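Written out below as structure tokens is the structure these notes cover.
We use all heavy atoms of the structure for the numbers below, so side chains are in, but hydrogens, waters and symmetry mates are not. Here is the naming used below: chain letters follow the sequence lines, and residue numbers restart at 1 for every chain. Since the model is a prediction, treat every value here as computed from it, not as a measurement.
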There are 2 protein chains.
Amino acid sequence: MNVCTNTIKDIARLAEVSHSTVSRALRNSPLVKAETAERIRRIVEEFGYRPSAIARSLATRRTKTIGVVVTTIADLFVAGVVTGIEDVASDHGYSVFLANSNADPDREVRVVASFEERRVDGVVVTASRVGALYLPMLSRMRVPIVLLNNQHPSEFAHSVMIENTAASREATRHLVELGHRRVAYLGDRYGQHCDTERFGGYRQALDVAGLPFLPQLVVHGDGRPASGRQAMARLLELAEPPTAVFCYDDMMALGALRQIHACGLRVPDDISVVGFDDLPIAEYTEPPLTTVRQPMRQMGHLAMQTLLLLLEGSESKHNIKVPGELIIRETTAPPNDRRQILKSA
Amino acid sequence: MNVCTNTIKDIARLAEVSHSTVSRALRNSPLVKAETAERIRRIVEEFGYRPSAIARSLATRRTKTIGVVVTTIADLFVAGVVTGIEDVASDHGYSVFLANSNADPDREVRVVASFEERRVDGVVVTASRVGALYLPMLSRMRVPIVLLNNQHPSEFAHSVMIENTAASREATRHLVELGHRRVAYLGDRYGQHCDTERFGGYRQALDVAGLPFLPQLVVHGDGRPASGRQAMARLLELAEPPTAVFCYDDMMALGALRQIHACGLRVPDDISVVGFDDLPIAEYTEPPLTTVRQPMRQMGHLAMQTLLLLLEGSESKHNIKVPGELIIRETTAPPNDRRQILKSA
DNA sequence: AGGATTATTGCACGCGTGTGCACGATTTCT
DNA sequence: AGAAATCGTGCACACGCGTGCAATAATCCT
């Protein structure tokens with residue numbers, strides 16, 4: 001009921017005990033008599049007193065706070081992961097500071113500075129594209145760091161990663177098994193770690209199937225739909241366009257679909273498309289997108305659980321790999337020529 | 001270079017001044033001599049000292065921290081808004097605590113409790129569906145609150161809202177002007193404030209055009225694509241289905257599109273669809289979605305700017321309305337019968 | 001030159017909580 | 001009954017920083 005900024009001392013006065021006793025009662029210390037604790041808790045309840053996490057942090061030297069840095073939260077993959085992180089953080093009494101870096105170096109240093117000043121207990125970096133100077137800055141602050149699908153593997157930190165190579169291999173194999181022989185790879189920015197791994201899986205599947213690798217079937221975008229569309233346009237201008245495209249992620253697959261349709265071609269009749277992520281919208285593209293599911297939320301859970309382990313003093317190196325799962329929907333089918341053969345058979 | 005947890009006193013010792021002088025130098029107080037301040041700043045730089053925001057907060061009784069509560073961050077509208085909030089928060093030295101409520105009452109009270117304990121300076125509530133007891137809880141903590149597109153208007157708080165009625169009226173008018181006479185409304189949960197407003201705009205446009213209001217053309221979902229699909233299915237089962245649908249938001253429009261296509265109908269040839277939000281994916285649906293643009297990021301900016309005003313002591317009531325903008329893409333066209341007429345003419 | 005003013009700096013306390021230690025009260029044991 | 005052990009509580013200090021006030025040093029004025 002009361003509205004003033006009560007302190008622990010106000011409660012102590014009301015309960016006619018010392019503030020130490022109130023503090024102990026609220027922390028469920030076995031040192032205080034049960035009935036005293038009960039009386040204190042009633043008063044706390046009645047006056048709506050909330051202990052100051054600020055003062056507590058100063059005294060305990062732990063803030064029960066973590067910093068989460070993302071390039072942008074306006075990305076369904078990132079948002080899914082952050083949801084997972086927040087789930088378990090909240091369950092364990094941690095609050096999360098969210099910071100967008102926008103892949104802007106200036107903002108990166110500001111983010112690190114703010115996390116450092118706020119004395120976060122740990123940090124999760126999600127799907128960062130950021131450069132070499134960034135992680136050392138973060139690691140300088142001597143708190144545990146967990147990287148999630150990071151583009152720059154680092155010795156400073158622990159990590160949660162999707163099984164890029166295996167998942168990509170399976171996705172590509174799916175296309176190959178449908179009969180495709182000209183399978184394109186529509187990648188993210190060249191040189192990014194995840195891109196390299198996914199590309200590797202694509203190559204492996206080609207090799208296993210004994211298909212030749214055709215460099216002209218490899219194009220790159222920047223992760224946004226528009227870039228996927230442009231990259232797809234380049235593929236369609238080829239003298240011999242691919243009959244199937246494996247895309248780095250769903251958003252670029254979205255752009256690819258758009259371009260294919262804009263050219264008057266049909267999916268999957270004329271060309272098959274596979275994405276990566278299984279964003280909530282993948283089920284609602286036209287037609288519904290075949291893609292590799294990343295358990296985004298669960299990956300967030302794992303990242304935060306790892307951080308909790310580290311906060312409890314775990315010394316071991318945590319490098320978790322989670323498997324992707326191929327979700328077959330309706331953007332994939334046998335290629336045109338192959339269907340002809342099947343029909344005539 | 002140093003790794004220890006330096007305090008202001010360590011710096012003071014190194015600079016051979018008192019900690020007060022260091023404190024003032026770092027806050028750019030005019031009270032310290034320029035060269036002294038310079039020397040101190042060099043030492044601070046050299047040792048990589050970062051003042052503790054915790055201790056500072058305790059002393060100044062301001063945390064330079066705000067709480068942002070969302071039902072879920074895994075929603076492109078919400079994510080856009082949060083991006084905007086974080087933009088200007090960061091520019092003004094504020095850090096943001098992000099909390100997902102998941103529209104779960106238990107989590108709601110936990111969120112409020114954590115914001116309260118952490119002594120956030122202000123709160124932004126985004127697109128909340130939450131109930132009546134929630135806002136009073138928040139307002140109890142006596143910090144400024146800004147609501148963004150909230151479903152429960154409240155006298156406790158300031159707000160930033162989209163011009164729901166006007167925008168919906170224009171969207172519906174667009175359909176009517178194309179010649180549609182059977183225009184459906186695919187709404188969010190019944191009774192939500194935004195839904196009521198958008199429905200109101202729809203009704204107004206009908207009235208202005210002199211079209212009859214047909215209750216059977218009004219259906220409701222829950223904001224998710226799946227619900228949009230189900231609602232659309234109900235419309236298509238009607239003896240006389242609508243020739244156009246105005247959807248509460250893009251995600252349900254996505255579900256509607258899916259159902260229309262699944263029934264073998266074509267957009268916009270057989271039926272027109274309009275969304276609301278202009279999410280980044282709206283440009284990439286099949287066909288690209290006609291929709292009402294909400295300047296999500298800018299709305300986030302406005303919300304945070306309003307909060308800053310309030311934090312500076314503004315006493316006035318802030319209720320900002322921002323206009324929507326109809327973005328005409330390719331899901332809208334004259335109805336079939338009308339096209340026939342136009343052709344024969 | 002000497003007092004008045006101003007520019008710098010340091011002292012000491014407060015912000016709200018946690019906790020080691022000491023002390024008194026109560027219980028247990030011989 | 002007296003000593004020992006246990007229990008419950010309060011005192012006092014620490015956490016790292018900001019700031020009012022006093023003190024000192026530098027500068028100005030007549």
(request) Would you please name every residue forming a side chain to side chain contact (heavy atoms under 4.5 Å, CB included) with A:R42, sequence neighbours left out? (result) A:E38, A:R39
(request) Please list, chain by chain and in numerical order, all residues satisfying ring-ring contact (aromatic ring centres under 6.0 Å, His included) with A:H158, sequence neighbours excluded. (result) A:H318
(message) Using five base pairs at each end to define the local axes, how bent is the helix from C:dA1-D:dT30 to C:dT30-D:dA1, to the nearest 10°?
(response) 40°
(request) Please collect all salt bridge (Lys or Arg N to Asp or Glu O under 4.0 Å) contacts where either partner lies in residues 17-35 of chain B, sequence neighbours excluded, each pair once. (result) none
(message) Could you check whether B:S90 and A:R110, counting side-chain N and O atoms only, form a donor-acceptor pair closer than 3.5 Å?
(response) yes
(message) At less than 3.5 Å, do the side-chain atoms of B:R24 and the base atoms of D:dG20 form a donor-acceptor pair?
(response) yes
(message) Please tell me if B:R61 has a side-chain N or O lying less than 4.0 Å from either OP1 or OP2 of C:dC15.
(response) no
(request) Take the protein atom CG of A:N6 and the nucleotide atom P of C:dG16, then report the distance between them rounded to whole Å. (result) 10 Å
(request) Mind calculating the distance between CG (B:N28) and P (D:dG18) to the nearest angstrom? (result) 12 Å
(message) According to side chain to side chain contact (heavy atoms under 4.5 Å, CB included), who are the partners of A:I54, at least two apart in sequence or on a separate chain?
(response) A:S52, B:I54, B:S57, B:L58, B:T63, B:R119
(message) Whole angstroms only, please: what is the CD-P distance between B:E116 and C:dG16?
(response) 15 Å
(message) With a cut-off of less than 4.0 Å, is there a side-chain N or O of B:T21 near OP1 or OP2 of C:dT9?
(response) no
(request) Whole angstrom is fine here: how far is it from CZ in A:R50 over to P in C:dT17? (result) 13 Å
(message) By the 4.0 Å heavy-atom rule, please label A:T60 as base, sugar-phosphate, or nothing.
(response) sugar-phosphate
(message) Measure CD1/B:I54 against C1'/D:dG18 and give the value in whole Å, please.
(response) 15 Å
(request) Among C:dG16, C:dG18, D:dT19, find the nucleotide with the atom closest to the side chain of B:L58. (result) C:dG16
(request) Determine which pairs satisfy salt bridge (Lys or Arg N to Asp or Glu O under 4.0 Å) with at least one residue from residues 306-319 of chain A, sequence neighbours left out, and list them in order. (result) none
(request) Return each pair, listed once, that meets side-chain hydrogen bond (donor to acceptor under 3.5 Å, both in side chains) where at least one residue sits in residues 300-311 of chain B; pairs must be two or more places apart or across chains. (result) B:D87-B:H301
(request) Return no unless some side-chain N or O of B:Y49 is found under 4.0 Å from OP1 or OP2 of D:dG16. (result) no
(request) Would you indicate which nucleotide in C:dT17, D:dC17, D:dG18 comes nearest to any side-chain atom of A:R119? (result) D:dC17
Show the atom names and distances, to 0.1 Å, of all donor-acceptor pairs under 3.5 Å that link a side chain in residues 72-81 of chain A to residues at least two apart or in another chain.
from, atom 1, to, atom 2, distance (Å)
A:T72, OG1, A:A74, N, 3.0
A:D75, OD1, A:F77, N, 2.8
A:D75, OD1, A:V78, N, 3.1

(message) For D:dC17 and B:R27 - does any side-chain N or O of the residue sit under 4.0 Å from the phosphate oxygens OP1/OP2?
(response) no
(request) Within residues 11-20 of chain A, find the residues that approach DNA chain C with a heavy atom at under 4.0 Å, and present them sorted by residue number. (result) A:H19, A:S20
(message) With the threshold set at under 4.0 Å for non-hydrogen atoms, list the residues of residues 31-40 of chain A touching DNA chain D in residue-number order.
(response) A:L31, A:V32, A:K33, A:T36
(request) Quickly work out the A:R62 CZ to D:dG16 P distance and round it to whole Å. (result) 16 Å
(request) Kindly check if the number of other-residue, nucleotide or ligand heavy atoms within 6.0 Å of NZ (A:K321) is above 12? (result) yes
(message) Test of understanding: with side chain to side chain donor-acceptor pair (under 3.5 Å), list the residues that count as partners of B:N28, not counting sequence neighbours.
(response) B:R41
(message) Give me each pair satisfying ring-ring contact (aromatic ring centres under 6.0 Å, His included) with a member in residues 96-125 of chain B, each pair once, sequence neighbours excluded.
(response) A:F97-B:F97
(message) Can you measure A:K9 atom NZ to C:dC15 atom P for me and round it to whole angstrom units?
(response) 7 Å
(message) Evaluate B:Y49 against B:I43 for side-chain contact (heavy atoms from CB on, under 4.5 Å), listing each step before the verdict.
(response) CA-CA 8 Å; B:Y49 162 73; B:I43 293 176; over 6 Å; no
